[in-house]
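Let me begin by presenting the structure, written as structure tokens, before commenting on it.
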Number of protein chains: 2
Amino acid sequence: MRQSIKTGTDRVTIAQVAREAGVSKTSVSRYLGGEFDALSVRLRDQIGKTIARLGYQPSQMARGLKGGRTRLIGMLVADILNPYSVAVLHGAEAACQKHGYTLMLCNTGNDEAREKQSLAALHSYSVEGLLFNTQGRNVTPLRELGQAAFPVVLLDRHVEGCDFDLVGLDNVKAAQLGTRHLLAQGYTDIALVVQPLYGVSSRQGRQAGFLQAMSERPDCHGETLEVDLEQPGHVATVLREFFLRRAAAGSQGRVAILAGNGMVSLQIALALQSMKLRFPDDLGLLCFDELAWSPLVGSGISTIEQPTYEIGFTAIERLLVRIQGERSVRMELLLDGRLIHRGSSASVAEHPERARVAGISEKIHTTNTLQYATA
Amino acid sequence: MRQSIKTGTDRVTIAQVAREAGVSKTSVSRYLGGEFDALSVRLRDQIGKTIARLGYQPSQMARGLKGGRTRLIGMLVADILNPYSVAVLHGAEAACQKHGYTLMLCNTGNDEAREKQSLAALHSYSVEGLLFNTQGRNVTPLRELGQAAFPVVLLDRHVEGCDFDLVGLDNVKAAQLGTRHLLAQGYTDIALVVQPLYGVSSRQGRQAGFLQAMSERPDCHGETLEVDLEQPGHVATVLREFFLRRAAAGSQGRVAILAGNGMVSLQIALALQSMKLRFPDDLGLLCFDELAWSPLVGSGISTIEQPTYEIGFTAIERLLVRIQGERSVRMELLLDGRLIHRGSSASVAEHPERARVAGISEKIHTTNTLQYATA
DNA sequence: CTGTTAGCGCCTTCAC
DNA sequence: GTGAAGGCGCTAACAG
């Protein structure tokens with residue numbers, strides 16, 4: 001019994017198998033292709049045994065060369081440090097393995113140049129399809145892919161001017177769910193905190209759901225706060241301004257924050273910590289994306305959980321359908337979020353002092369200097 | 001100017017470029033290979049322009065076929081849900097991009113069968129080298145790689161009977177650093193909590209460092225607690241038994257826990273929460289692996305940060321050196337950890353009641369029934 | 001300096 | 001049923 005893994009030079013080839021089995025390369029190829037009906041039992045046996053004995057493994061490179069299947073799928077991730085991306089990657093990788101595909105991963109780090117470069121790299125390996133989760137900018141190369149009817153599935157956000165399939169969360173619905181939850185818990189002054197909306201459809205969807213749910217309650221106040229996560233201390237500043245604005249408006253309401261995604265959640269939690277604000281005593285909090293540590297901070301952070309694994313898995317399966325030649329119109333697969341209720345969005349009903357605008361602004365003034373020092 | 005991205009059939013080939021430029025394929029190939037000294041300026045120009053005009057991109061598959069460089073690196077990850085793995089992946093991917101390589105990612109999910117299968121898949125694509133972070137079991141296929149002098153770099157843990165290069169943390173040193181920190185802060189009864197040591201060198205290294213540091217203080221007590229993260233409630237049970245054991249031993253000391261990695265940290269934090277134990281009031285806590293939420297829980301969790309990005313980046317660069325044919329003896333690159341001091345390992349000196357064995361066991365008894373109910 | 005030739009490992013006609 | 005021949009896109013001798 002010889003080794004089952006060969007390197008470069010001494011790699012077992014189809015020719016070797018053919019020779020040792022005393023058959024032609026064609027027959028071996030047929031065996032590999034599963035064309036058993038075109039093969040006598042004797043040959044089939046012989047080939048099977050020889051393959052096993054030699055530990056032969058066909059080279060995907062050679063197979064792919066013939067314009068055929070490379071069984072390769074490329075995945076472009078906007079930010080591998082984003083837990084959402086990793087969770088989706090998890091599902092995608094599993095689906096690939098299930099179907100005998102292998103994933104080529106590129107992290108674009110939210111950088112257009114690297115995105116373009118990665119796209120080129122993946123193309124040079126003749127990937128059969130692409131999973132795309134990235135900024136909506138610089139869409140020209142993507143458009144070309146679209147014109148060429150190249151199989152692409154978008155994750156989370158769609159790209160202007162491209163009619164690719166999309167798999168993601170039903171953002172509008174999820175945001176409504178979350179907003180209504182906060183309202184039902186007695187919160188009246190709610191801020192949706194998101195990264196810049198510009199061009200990112202998922203963020204816009206969440207805002208739409210938020211605004212819609214808020215509009216059902218004219219007695220309540222909702223606003224969207226855009227934050228720049230790159231800029232240290234920006235989240236804290238924006239939050240403070242919001243609180244002060246509500247105080248200045250003379251609101252007697254109950255304040256809550258709806259965090260637009262996991263990255264924002266983290267920065268908000270850090271900002272609130274630096275401002276010495278606690279939930280739900282000082283304000284309510286609900287975050288998009290269930291994270292490992294959600295149960296741990298304070299009395300637990302309420303979240304809207306995305307079915308990330310399913311998103312990744314489904315996206316790959318949809319992509320495979322396209323790869324198999326399906327040419328139907330663009331399809332959008334939107335999965336539902338799930339609300340996980342914890343302490344941070346506890347009801348305000350029987351707690352007259354909880355999450356009051358007045359309370360927050362008082363605390364803020366107290367810790368004002370400290371805050372600027374740490375920011 | 002034609003499109004720069006082509007799909008399968010209408011792909012631009014080297015032959016087309018050669019024809020349109022009025023030269024031979026060889027010359028174009030030389031151009032691609034950067035052999036400019038063997039090319040007249042006129043040809044060089046002509047080829048360059050034609051390539052740009054046609055948007056030609058060489059097929060890596062075809063290049064790789066010729067027994068040459070595929071510029072592909074395979075990465076096997078034990079568990080993509082482990083933040084450590086992702087952080088290392090981040091660095092590895094960056095290094096690959098820097099050097100024009102592409103990463104093929106496989107998640108083995110700690111499963112031997114999938115590990116073997118992934119190895120086969122990567123091999124079938126003729127990856128030039130392998131980054132390996134996985135369980136030490138089922139090493140036979142790995143040994144074969146070793147015998148074939150196939151370039152492999154191990155991450156974090158080495159594999160018995162294989163003399164591959166290794167990049168990871170200096171576990172002994174880091175554990176000593178952490179343990180001495182806890183001792184210096186006044187903790188005397190310390191438990192190192194790790195996943196099963198069996199066969200995992202990094203865990204063994206951490207234990208070695210821990211024991212060594214503890215041996216410098218015969219007046220203190222240290223023990224290693226192995227936990228099974230798959231088994232719900234196991235961490236809580238093991239911790240409780242430890243506390244009770246210390247109490248039964250009549251210890252008047254100060255208790256602290258040293259968590260063996262990020263996954264363990266999370267489970268410990270959850271277990272302590274379920275037991276209603278707080279740090280540093282009820283006990284001290286120091287965790288391997290700096291996580292996004294480390295500053296957020298309680299008064300912040302002290303950690304031993306690993307240079308994960310560097311580990312991934314360095315591992316790839318080491319692998320590339322091997323790929324370029326370096327045949328020197330096995331090399332181990334151990335990077336230093338960094339202690340991040342937060343509230344959870346606060347000094348016990350001027351707090352007579354803090355982290356007392358007696359205090360903990362009392363609390364445990366109180367919450368006994370509740371604990372079992374939630375576990 | 002440049003081009004011709006011969007494969008790399010596989011699949012796919014096309015004959016037998 | 002089976003096999004021989006040709007070609008996928010590229011690189012690597014070998015000639016001029």
Side-chain angles (χ1 to χ4, degrees), chain A residues 6-48 50-51 54-72 123-128, chain B residues 6-48 50-51 54-72 123-128:
Chain A
K6 309 285 175 211
T7 74
T9 52
D10 62 342
R11 181 182 191 117
V12 185
T13 80
I14 201 173
Q16 256 172 74
V17 175
R19 199 180 324 125
E20 300 222 11
V23 300
S24 74
K25 290 196 296 175
T26 314
S27 296
V28 180
S29 179
R30 289 201 177 105
Y31 180 95
L32 296 175
E35 304 172 45
F36 296 123
D37 8 336
L39 234 43
S40 71
V41 187
R42 203 175 54 83
L43 271 209
R44 190 225 285 226
D45 255 42
Q46 216 144 335
I47 296 174
T50 313
I51 285 180
L54 263 41
Y56 167 70
Q57 255 190 293
S59 153
Q60 291 291 359
M61 302 249 105
R63 289 184 148 183
L65 189 58
K66 197 72 185 175
R69 315 271 74 135
T70 57
R71 302 210 143 245
L72 238 31
H123 175 240
S124 79
Y125 287 104
S126 307
V127 295
E128 294 182 28
Chain B
K6 310 285 176 209
T7 74
T9 52
D10 63 340
R11 182 184 191 115
V12 185
T13 79
I14 200 173
Q16 256 173 76
V17 175
R19 200 180 323 126
E20 299 220 11
V23 301
S24 75
K25 290 195 298 174
T26 311
S27 297
V28 181
S29 179
R30 289 204 176 101
Y31 180 95
L32 296 175
E35 303 171 46
F36 296 123
D37 8 336
L39 236 41
S40 71
V41 186
R42 201 175 55 83
L43 271 210
R44 192 224 285 228
D45 255 41
Q46 216 145 332
I47 295 174
T50 312
I51 285 180
L54 263 40
Y56 166 71
Q57 256 189 291
S59 154
Q60 291 291 3
M61 304 245 96
R63 289 184 144 181
L65 190 58
K66 191 69 188 178
R69 316 270 75 136
T70 57
R71 301 210 144 246
L72 238 31
H123 174 241
S124 80
Y125 287 103
S126 308
V127 295
E128 294 181 29

| field | Length of the line joining A/Q46:CD and D/dG1:C1', which is rounded to integer Å | value | 14 Å
| field | Whole angstrom value for the distance that separates P of D/dG7 from CZ of B/R11 | value | 20 Å
| said: Could you check whether any side-chain heavy atom of A/I14 comes within less than 4.5 Å of a side-chain heavy atom of A/Y31, counting everything from C-beta outward? | reply: no
| query | Which whole-number value in Å describes the distance from A/M61 CE to D/dC10 P? | reply | 13 Å
| query | What nucleotide, of C/dC10, D/dT2, D/dT11, holds the atom closest to the side chain of A/L43? | reply | D/dT2
| query | What is the distance from CG of B/L39 to P of C/dT2, rounded to the nearest Å? | reply | 6 Å
| Do the side-chain N or O atoms of B/S59 get closer than 4.0 angstrom to the phosphate oxygens (OP1, OP2) of D/dG9? | no
| request: Counting heavy atoms from C-beta on, name the nucleotide in D/dG6, C/dT4, D/dG9 closest to the side chain of B/S24. | output: C/dT4
| note | By nearest-nucleotide position on DNA chain C, the 5'-leaning member of B/R44 and A/S29 is B/R44
Just list the side-chain donor-acceptor pairs under 3.5 Å for residues 34-46 of chain A, sequence neighbours left out, or say none.
| from | atom 1 | to | atom 2 | distance (Å) |
| --- | --- | --- | --- | --- |
| A/S40 | OG | A/L43 | N | 3.2 |
| A/Q46 | NE2 | A/A21 | O | 3.3 |

| message | Looking at B/R30 and C/dG3, is any side-chain donor or acceptor paired with a base atom of the opposite kind under 3.5 Å? | response | yes
| In whole angstrom, what separates B/K25's NZ from D/dA13's P? | 16 Å
| request: State whether the distance check finds a donor on one side and an acceptor on the other, under 3.5 Å, for side chain B/K66 versus base C/dG7. | output: yes
| query | Side chains of B/L72 and A/Y125: closer than 4.5 Å at any heavy-atom pair? | reply | yes
| task | Using only side-chain N and O atoms of A/S40, determine if any of them is under 4.0 Å from OP1 or OP2 of D/dT2. | result | yes
| said: With a cut-off of less than 4.0 Å, is there a side-chain N or O of A/R63 near OP1 or OP2 of C/dC10? | reply: no
| Side chain B/T26 and base D/dT11 donor-acceptor under 3.5 Å | no
| request: Measure the distance from CZ on B/R69 to P on D/dC10 and round it to the nearest whole Å. | output: 18 Å
| field | Results of side chain to side chain contact (heavy atoms under 4.5 Å, CB included) for B/S59 - residues two or more places apart only | value | B/R11, B/M61, B/A62
| query | Taking atom P of C/dG9 as reference, at what distance in whole Å does atom CD of A/Q57 sit? | reply | 14 Å
| note | Between B/R69 and B/Q60 the two heavy atoms that sit nearest each other are O-OE1, 4.4 Å
| request: Please state whether the phosphate of D/dC10, meaning OP1 or OP2, lies under 4.0 angstrom from any side-chain nitrogen or oxygen of B/Y56. | output: yes
| request: Quickly work out the B/E35 CD to D/dC10 P distance and round it to whole Å. | output: 15 Å
| task | Would you please confirm or rule out a distance under 4.0 Å between OP1 or OP2 of C/dC10 and any side-chain N or O of A/Y31? | result | no
| task | Determine: side-chain N/O of A/S27 to OP1/OP2 of D/dG3, distance under 4.0 Å, yes or no. | result | yes
